[in-house]
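Notes follow once the structure below has been shown.
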There are 2 protein chains.
Amino acid sequence: MLSYTEENYLKALYHLMVEKDTKPEAGTNELAAYLGVKPATVNDMLKKLKDKKLITHERYGKIRLQTSGRKLAIEIVRKHRLWETFLYEKLDFNWHEVHDVAEQLEHIQSPKLIEKLDAFLNYPSFDPHGDPIPDKDGNMPKSQRRPLSKSVEGCRVVILGVSEHSELFLNYLSDNHIGLNDKFTVERITPFDETMRLSSKKNPDILVSNKAANKIQVTCLRSDCGCGKM
Amino acid sequence: MLSYTEENYLKALYHLMVEKDTKPEAGTNELAAYLGVKPATVNDMLKKLKDKKLITHERYGKIRLQTSGRKLAIEIVRKHRLWETFLYEKLDFNWHEVHDVAEQLEHIQSPKLIEKLDAFLNYPSFDPHGDPIPDKDGNMPKSQRRPLSKSVEGCRVVILGVSEHSELFLNYLSDNHIGLNDKFTVERITPFDETMRLSSKKNPDILVSNKAANKIQVTCLRSDCGCGKM
DNA sequence: TATAAAAGTTAGGCACATCTAACAAATTGT
DNA sequence: ACAATTTGTTAGATGTGCCTAACTTTTATA
Ligand SMILES: [Mn+2]
Ligand SMILES: [Mn+2]
Ligand SMILES: [Mn+2]
Ligand SMILES: [Mn+2]
């Protein structure tokens, strides 16, 4: 049985490695910064996780998840995203409110609870941020999400998710009436700064900066718009 | 902000005091036994709770909850019972399975979560064991529950709850097809050992020992059966 | 009332998760 | 290649929650 803290270290390692499409390894300082603790603290924990055969790490070397550690990390990600979905779908939480509560709920120990919750939610594949929810065997559903910034003029897109979860960004989207599963047409892209002008049923004119468009994940609804979708 | 452990001490004190209709005070050994820790451990915690003005306690004296401590304890009881209701009503947990998971869930910190959960469950007044759920101001709903053993021959009763939560007892009830809100007629009470013979639609002949009848809480559906109901 | 039993306290210690401060190794840049 | 910077490690300390063992106070009982 892992402690609350050990679980958070595994999950942090998993996220650091997924969000790094180069080598799946992390450093002590990097992990410390991510978790908001000091490198010395991480070092103590590395010893414990190594003893439990969840990671590999040798002195002055890089940290890697072992298969057992990755499996546990994915279980925690699964719980986190199922709880986020529950809060959003069933309890009417806002987009930006679900994460912090899920940070607590993800540590509840009860396999039955998670299976029942999954069933209650109808076995969802994606959470309210559009992130994939691993199934009970740890398989991640695939989606052809791509940043909105890759779309071209004339594209008809649907919002599948976001790649940043900050309250600031999520509120910015809400304020601009951009929500999960909303559909938009890319009307115009300003050449100089690539600001996008979108239209939707609810709102005929929405301006989205390139910075924001990079964080908004969409899929293209037409195959003939030339946006480079496979 | 209280720790997980501090919350459990407050809740334990509350339960010890409610379940004792004499003086609302508890002893060190009593509390230690209830929580499954050693008296020395309790002593350390008493110091902390006293510093936080949640209890009163002087050397070799009895422990009492202060108003602030009682209020916090009731909040935890509220969370516990709402979660039990959620697990039972929405996730199809069995009677005896809800408690252990609720022991974990009761410590999740999010006022919004609890208010939303309460609304989602339609502001229930009683949990799956028939125990009262305090409202958000800490008021306990009243019910005229009384042990089944107080009923007399001819009484028509409905099961409102149980005063013991062990898996053994709850499974005993399930095995005998006795469930929450089920209705029974008291057909016969054996004079010598007060064993009760009940009948219901599902099952025309159920034998209930006096030991069990003491733990089953009912309300009488007729006013003329002479069972002493007010 | 004296003694035995029960209840409560204290001292000292341990595991966990964290810190600071000092140090060592590896990497980078001139 | 050497120095400077970054990265990682170690030692020693703290607070929480728990323990055992020894002690003291209160309560029960002979
Ligand atoms: Mn977490
Ligand atoms: Mn998410
Ligand atoms: Mn608890
Ligand atoms: Mn209950």
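All chains are named by letter (A, B, ...) in the order of the sequence lines, taking the proteins before the strands, and each is independently numbered beginning at 1.
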- Item | Separation of D/dT10 P from A/M45 CE (nearest whole Å) | 16 Å
- Would you indicate what A/K47 reaches in the nucleic acid, counting non-hydrogen atoms under 4.0 angstrom: base, sugar-phosphate, or nothing? nothing
- Task: Just compare D/dT7, C/dT9, D/dT9 and give me whichever is closest to any side-chain atom of B/L46.
- Result: C/dT9
- Quick one: B/E30 CD to C/dA7 C1', roughly how many Å, whole number? 11 Å
- Query: Just by protein heavy atoms under 4.0 Å, how would nucleotides 24-29 of chain C read 5' to 3' in B, S and -?
  - Reply: BSS---
- Task: May I ask you to decide if the ring planes of B/F120 and B/F86 are parallel, tilted or perpendicular, using 30° and 60° as cut-offs?
- Result: tilted
- Hey, does the side chain of A/T41 come within less than 4.0 Å of C/dC19's phosphate (OP1/OP2), counting only N and O? yes
- Query: Should we say atom NZ of A/K52 is surrounded by more than 12 heavy atoms from elsewhere, each under 6.0 Å from it?
  - Reply: yes
- Query: Has the side chain of A/K50 got a donor or acceptor atom that lies under 3.5 Å from a matching backbone atom of A/H57?
  - Reply: yes
- Closer than 4.0 Å, any side-chain N/O of B/Y9 to the OP1 or OP2 of D/dT16? no
- Message: Taking the basic N atoms (NZ, or NE/NH1/NH2) and the acidic carboxylate oxygens, is any pair closer than 4.0 Å for A/R78 and A/D135?
- Response: no
- Donor-acceptor contact below 3.5 Å, side chain B/Q144 vs main chain B/T219: no
Quiz: residues 89-99 of chain B side-chain donor-acceptor pairs under 3.5 angstrom, not counting sequence neighbours:
residue	atom	partner	partner atom	Å
B/W95	NE1	B/P128	O	2.5
B/H96	ND1	B/N171	OD1	3.3
B/E97	OE1	A/K112	NZ	3.0
B/E97	OE1	B/N94	N	2.7
B/E97	OE2	A/K112	NZ	2.9
B/H99	ND1	B/H80	NE2	3.1
B/H99	ND1	B/E84	OE2	3.3
B/H99	NE2	B/E103	OE2	3.2

- Verify the contact: side-chain N or O of A/K38 to OP1 or OP2 of C/dT18, cut-off strictly under 4.0 Å; return yes or no. no
- B/I63 CD1 - C/dA7 P separation (whole Å): 13 Å
- Item | Test item: B/K79 side-chain N/O and B/L105 main-chain N/O as donor-acceptor pair under 3.5 Å | no
- Message: Is B/N43 close enough to C/dG8 that one of its side-chain N or O atoms is under 4.0 Å from OP1 or OP2 there?
- Response: no
- Task: Find the distance A/Y4:OH to C/dA15:P and express it as a whole number of Å.
- Result: 24 Å
- Any A/T5 side-chain N or O less than 4.0 Å from OP1/OP2 of C/dC16: no
- Message: Whole angstroms only, please: what is the CD-P distance between A/E7 and C/dC16?
- Response: 16 Å
- A/L31 CG to D/dT9 C1', straight-line distance once rounded to whole Å: 15 Å
- B/I55 CD1 to C/dG8 C1': how many Å, rounded? 14 Å
- Look at the side chain of A/N29 and decide which nucleotide, out of D/dG8, C/dG8, D/dT9, has an atom nearest to it. D/dG8
- Protein-nucleotide distance (A/L2, atom CG; C/dC16, atom P), rounded to Å: 12 Å
- Message: So, does A/K62 get its side chain near the phosphate of D/dT7, meaning an N or O under 4.0 Å from OP1 or OP2?
- Response: no
- N-O pairing of A/R81 and A/E106 below 4.0 Å: no
- Message: Could you check whether the side chain of A/D44 and the base of C/dC16 have a donor-acceptor pair of N or O atoms closer than 3.5 Å, going by distance alone?
- Response: no
